[in-house]
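Worksheet for the structure shown next.
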Amino acid sequence: MLTTDYKDGSPNWVDLGTPDLDGAAGFYTGLFGWDYRPGGEEAGGYAMFRLDGKIAAGGMAVAPEEVRTAWTLYFQTSDADATAAAVVKAGGTVAVEPRDVMGLGRMAIFADPAGVTFSVWQPGRIEGLGVVTDVGSLCWTELYTHDVPAAAAFYGSVFGWEIGEMPFEGGSYTVVRAAGTPEEAAFGGLVPIGVDPVEDAERPYWTPYFEVDDCDVTAAGAEESGGKVRLSPVSMEGVGRFAKLADPYGARFAVIASAPAPGA
């Protein structure tokens, strides 16, 4: 599971690029109970979404003809420049070279060999998100890909991820975790496009999952607020009840009401 005790290779930030930041803020504050803090000129308009005073996500306005409306996941690195070199060596590309961000940290944007965008954050004064796994915050990640072994090899080379398999009736689910962490520290899954009807026509991409109290209520609320239910709520034993959604501007994300931990 995700934790704010970040390790190299683990997700430590997530942000939204959208053509209408104020409009998107209205959607997500209503959905997750976030507090929207617009960014000033010195921050390039970069906004923060807070949950109980802790940073839950970031957001920025983007030109739709230049950047796809989407959520972007960031993974921790202790050396963004070294990670950029590893990305290129493994067959990926550097979209934005490593750069300092107002002394808060250092970031870069990449694409894997399949063209999937992801980013890294090298902590400075900001280590990463202030809250994860709580209701209203990031709790899981998934990569939808045409080639799970190739994706596992790429990200394993770049971040040193440990790859595991979680069996379920009819197959298995590939899970990933930071190097040197136990199995319960898994923070994401790699899902083959072609086994999920919702994703069959989609190009590969990363998606964030946000924890919610009630998946059905959240999905209905998203639709009522102008969003789209891409996959209606479905339950999975031992995992929880989840749904795949899109906001009014097309950014895809998922929500889950996680099953209680054994013994809880």
Side-chain angles (χ1 to χ4, degrees), residues 1-7 9-12 14 31-33 51 56-57 71 73 75 129 131-149 151-152 155-156 159 161-200 202 204-223 227-246 252-264:
M1 62 181 290
L2 281 171
T3 170
T4 54
D5 180 20
Y6 300 115
K7 310 293 184 186
S10 66
N12 66 348
V14 64
L31 203 65
F32 296 137
L51 181 67
W71 282 98
L73 285 162
F75 300 93
L129 298 176
V131 57
V132 296
T133 70
D134 289 356
V135 170
S137 67
L138 182 71
C139 65
W140 190 251
T141 66
E142 278 185 340
L143 172 67
Y144 294 94
T145 174
H146 292 288
D147 191 334
V148 168
Y155 289 99
F159 293 121
W161 285 353
E162 297 190 26
I163 313 296
E165 296 293 328
M166 181 183 298
F168 63 86
E169 186 176 353
S172 65
Y173 178 64
T174 302
V175 294
V176 297
R177 66 185 192 273
T181 59
E183 291 184 4
E184 57 268 25
F187 56 73
L190 308 181
V191 182
I193 294 175
V195 301
D196 187 334
V198 175
E199 308 299 341
D200 279 355
E202 302 284 1
Y205 76 106
W206 278 102
T207 193
Y209 276 69
F210 298 96
E211 186 70 34
V212 296
D213 272 324
D214 189 313
C215 182
D216 295 75
V217 169
T218 302
E223 198 163 40
K228 178 181 179 182
V229 177
R230 302 174 57 244
L231 175 69
S232 295
V234 60
S235 295
M236 180 173 289
E237 185 177 356
V239 174
R241 188 163 175 82
F242 62 92
K244 296 180 182 179
L245 311 174
R252 296 170 292 189
F253 65 103
V255 296
I256 184 168
S258 297

[X]: side chain to side chain contact (heavy atoms under 4.5 Å, CB included) partners, not counting sequence neighbours:
X: Thr4; result: Tyr6, Val132
X: Val135; result: Glu211, Asp213
X: Ala56; result: Trp34, Leu51, Val131
X: Thr133; result: Met1, Leu2

Next on the checklist: Applying ring-ring contact (aromatic ring centres under 6.0 Å, His included), can you list everything that pairs with Phe75, at least two apart in sequence or on another chain?
Outcome noted: Phe159, Trp161, Trp206
Next on the checklist: On a heavy-atom basis, which atom in Arg252 and which in Trp71 lie closest, and how many Å separate them?
Outcome noted: O-CD1, 3.6 Å
Checklist entry - Nearest heavy-atom pair of Pro233 and Arg241: which atoms, and what distance? => result O-NH2, 3.5 Å
Checklist entry - Does the side-chain contact (heavy atoms from CB on, under 4.5 Å) test come out yes or no for Cys139 and Ile256, once each step is laid out? => result CA-CA 9 Å; Cys139 65; Ile256 184 168; 3.5 Å; yes
Item to check | Pairs meeting criterion salt bridge (Lys or Arg N to Asp or Glu O under 4.0 Å) with involvement of residues 170-183, two or more places apart | outcome: Glu162-Arg177
Next on the checklist: Any non-hydrogen side-chain atom of Val176 less than 4.5 Å from a side-chain atom of Thr141?
Outcome noted: no
Checklist entry - Would you say Glu237 has more than 12 foreign heavy atoms packed within less than 6.0 Å of its CD? => result no
Next on the checklist: Does the plane of the ring in Phe210 sit parallel, tilted or perpendicular to the ring in Phe32? Use 30° and 60° as the thresholds.
Outcome noted: tilted
Next on the checklist: Using a 3.5 Å distance criterion without hydrogens, assess whether the side chain of Thr174 forms a donor-acceptor pair with backbone atoms of Ile163.
Outcome noted: no
